[in-house]
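Chain naming here is simple, since letters A, B, ... match the order of the sequence lines and numbering starts at 1 in each.
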There are 2 protein chains.
Amino acid sequence: MAERLYSLKAEFFKALAHPTRVRILEQLRQGEKCVCEFIEDLELEQPNISQHLAVLRKEDIVVSRKEGLKVLYRVKHPEIFQVLDLVGGILTQEIATTMAELQGLQGKVESKGS
Amino acid sequence: MAERLYSLKAEFFKALAHPTRVRILEQLRQGEKCVCEFIEDLELEQPNISQHLAVLRKEDIVVSRKEGLKVLYRVKHPEIFQVLDLVGGILTQEIATTMAELQGLQGKVESKGS
DNA sequence: TCCTTATATGCGAATTTCTGCATATATTAG
DNA sequence: CTAATATATGCAGAAATTCGCATATAAGGA
C-alpha cells in the first residue's frame with residue numbers, strides 16, 4: 001500500500017524545510033500575495049525569494065497567476081495550513097515541557113541552596 | 001506572534017525530509033519497534049538506520065527506551081501521523097489530477113486521430 | 001573477565017542546497 | 001520601438017547532507 005509514496009512525502013517535506021519558505025507560507029494564510037509584498041515583508045532580495053517560490057511551485061505547494069506586471073501566489077492545497085498548525089502545536093508543546101523541566105531544575109538548585 | 005518559530009518549523013520539516021525517515025515513521029504507526037526490526041523491514045545497513053534515528057531523536061520526533069540489549073523507538077507526538085496523513089492526502093490528490101489531465105490529453109490526441 | 005549481540009558514533013568523499021550577483025524575460029508606459 | 005518595472009533564471013563558491021565503512025559503547029552470557 002502506497003509503497004513509493006515515501007520519496008514523494010520526503011520531497012514534499014524538503015520543500016517546507018527552510019525558514020524562508022515557512023515564512024512565505026505563513027504569509028499566504030492571509031490569501032494571495034505578489035512577490036513584491038514578500039520582498040517588503042520578509043526583507044530579502046528579490047532573486048532569493050523567487051528561488052524559494054520556485055521550490056514551492058515545483059512541489060505544487062503554491063500556484064501563481066499573472067496580473068499585469070505582478071505575479072500573485074497562493075497555496076494550492078489549504079491542508080498545508082493544517083500541517084503547519086500541527087507542527088506548530090508539537091513545537092509549542094515541546095517548548096512548554098522544556099521550560100517546565102528547566103523550572104524544575106531551578107527549583108532543585110534553589111532548594112539545595114548551592 | 002510566534003515570530004521565531006519559523007526556523008524551528010523548518011528544522012522539524014528537515015528532519016522529515018528523507019525517504020528513510022518517512023519510512024521509519026510509517027513503521028512506527030504500529031507502535032514501538034527496535035532498531036533490529038527496522039534493519040529487517042527497511043533492508044538498510046544498521047549504522048545508516050541509527051544515523052536517521054539520531055536525526056529524528058534530535059528533533060524530539062521519536063524517543064527511545066532500552067530493554068536488555070535492544071533499544072525500542074516510538075514517536076513522541078502522535079500528531080506526527082496526522083501530518084503524514086495530510087501530506088499523503090495532498091499528494092494523492094495531486095497524483096489523481098495529474099493522471100486525469102493525462103487522460104484528457106490522451107483523449108484529445110485520439111480524437112484528432114494523429 | 002572475555003566474548004557476543006545490539007546499537008551508536010566518527011570520518012571522508014560525493015552530492016545537494018543556499019546565497020549573492022549578474023542577467024534574462026515579460027508586461028506596460030511613453 | 002524604447003524604457004522602466006516586476007519577476008525569473010543561470011552560475012559559482014560556501015555550507016550542509018548522505019552513505020559507507022571503521023570503530024566505539026553497552027548489556028548479557030559463559
Side-chain angles (χ1 to χ4, degrees), chain A residues 4 6-28 31-76, chain B residues 4 6-28 31-76:
Chain A
R4 304 178 208 127
Y6 302 131
S7 295
L8 289 178
K9 283 189 189 171
E11 290 300 313
F12 191 92
F13 287 127
K14 195 181 290 183
L16 302 179
H18 193 287
T20 299
R21 297 197 286 270
V22 173
R23 292 179 73 192
I24 287 175
L25 291 175
E26 295 287 359
Q27 295 273 329
L28 289 178
E32 258 183 349
K33 292 228 174 187
C34 70
V35 182
C36 54
E37 290 177 283
F38 292 127
I39 297 174
E40 262 194 39
D41 298 342
L42 308 185
E43 293 180 299
L44 292 172
E45 301 297 321
Q46 174 269 316
N48 194 345
I49 290 180
S50 277
Q51 297 242 27
H52 285 298
L53 284 170
V55 172
L56 293 172
R57 228 180 324 121
K58 194 164 120 204
E59 208 58 40
D60 278 313
I61 293 172
V62 300
V63 291
S64 61
R65 165 174 88 81
K66 292 203 89 155
E67 193 172 282
L69 275 180
K70 303 188 170 176
V71 178
L72 301 174
Y73 280 86
R74 66 175 186 282
V75 303
K76 182 164 182 186
Chain B
R4 302 177 209 128
Y6 301 131
S7 295
L8 289 178
K9 282 189 191 172
E11 290 301 314
F12 191 92
F13 287 127
K14 195 181 291 183
L16 303 179
H18 194 287
T20 299
R21 297 198 287 271
V22 173
R23 293 180 72 192
I24 287 174
L25 291 175
E26 295 288 357
Q27 295 274 327
L28 288 178
E32 257 183 350
K33 292 228 171 184
C34 70
V35 182
C36 55
E37 289 176 281
F38 292 126
I39 297 173
E40 262 195 37
D41 298 342
L42 308 186
E43 294 180 298
L44 292 172
E45 301 298 322
Q46 174 271 316
N48 194 347
I49 290 180
S50 278
Q51 293 211 354
H52 285 298
L53 284 170
V55 173
L56 293 173
R57 228 182 322 120
K58 194 164 117 204
E59 207 59 39
D60 277 314
I61 292 172
V62 301
V63 291
S64 61
R65 166 173 88 82
K66 291 205 87 154
E67 193 172 281
L69 276 181
K70 302 189 173 178
V71 178
L72 301 174
Y73 279 86
R74 65 175 186 284
V75 302
K76 182 163 183 188

Tell me which of B:Ile39 and A:His18 sits closer to the 5' end of DNA chain C, going by the nucleotide each one is nearest to. B:Ile39
For the side chain of A:Leu53, counting heavy atoms from C-beta on, which of C:dA26, C:dA8, D:dA8 is nearest? D:dA8
For the pair made of CD in A:Glu37 and P in D:dT7, what is the distance, rounded to whole Å? 9 Å
Measure from CG on B:Leu16 to C1' on D:dT17 and round the result to the nearest Å. 15 Å
Using residues 10-18 of chain B as the side-chain source, report each donor-acceptor pair under 3.5 Å to any protein atom, sequence neighbours left out, with the distance given to one decimal.
unit_1  : atom_1 : unit_2  : atom_2 : d
B:His18 : ND1    : B:Thr20 : N      : 3.1

Looking only at side-chain atoms of A:Pro47, point me to the closest of D:dA6, D:dA26, C:dC21. C:dC21
Phosphate oxygens OP1/OP2 of C:dT17: is one of them under 4.0 Å from a side-chain N or O of A:Arg21? no
Counting only side-chain nitrogens and oxygens, does A:Tyr73 get under 4.0 Å of the OP1 or OP2 atom of D:dA8? yes
Gap between atoms CD and P, on B:Glu45 and D:dT23 respectively (whole Å): 16 Å
For C:dT17, take OP1 and OP2 only and decide whether either is under 4.0 Å from a side-chain N or O of A:Lys14. yes
Selected nucleotide, minimal atom distance to B:Leu69 side chain, candidates D:dT7, C:dA6, C:dA26: C:dA6
May I have the distance from B:Ile24 (atom CD1) to C:dT7 (atom C1'), rounded to whole angstrom? 13 Å
In whole angstrom, what separates A:Arg65's CZ from D:dA8's C1'? 19 Å
Among C:dA26, C:dC11, C:dT7, the one nearest any side-chain atom of B:Val71 is C:dT7
What one should report as the nearest heavy-atom pair of B:Glu59 and B:Leu8 is OE2-O, 4.4 Å
Just to be sure I understand the rule, does B:Gln46 reach a base, reach only the sugar-phosphate, or reach nothing, if contact means heavy atoms closer than 4.0 Å? base
Tested for side-chain contact (heavy atoms from CB on, under 4.5 Å) against A:Ile61, the lone hit among A:Val55, A:Val75, A:Leu56 is A:Leu56
Picking from C:dT19, D:dT17, C:dT7, the nucleotide nearest the side-chain atoms of B:Ser50 would be C:dT7
Between the side-chain atoms of A:Gln51 and the base atoms of D:dA8, is any donor-acceptor pair under 3.5 Å? no
Please confirm whether the shortest side-chain N or O distance from B:His52 to OP1 or OP2 of D:dT17 is below 4.0 Å. no
Least distance between heavy atoms, B:Lys76 atom then B:Val63 atom: CD-CG1, 3.7 Å
Can you check the B:Glu43 CD to D:dC19 C1' distance for me, whole Å? 17 Å
When rounded to whole Å, the CG to C1' distance for the pair A:Asn48 and D:dT9 reads 13 Å
Please indicate whether A:Glu40 has more than 12 foreign heavy atoms, meaning atoms of other residues, nucleotides or ligands, lying under 6.0 Å from its CD. no
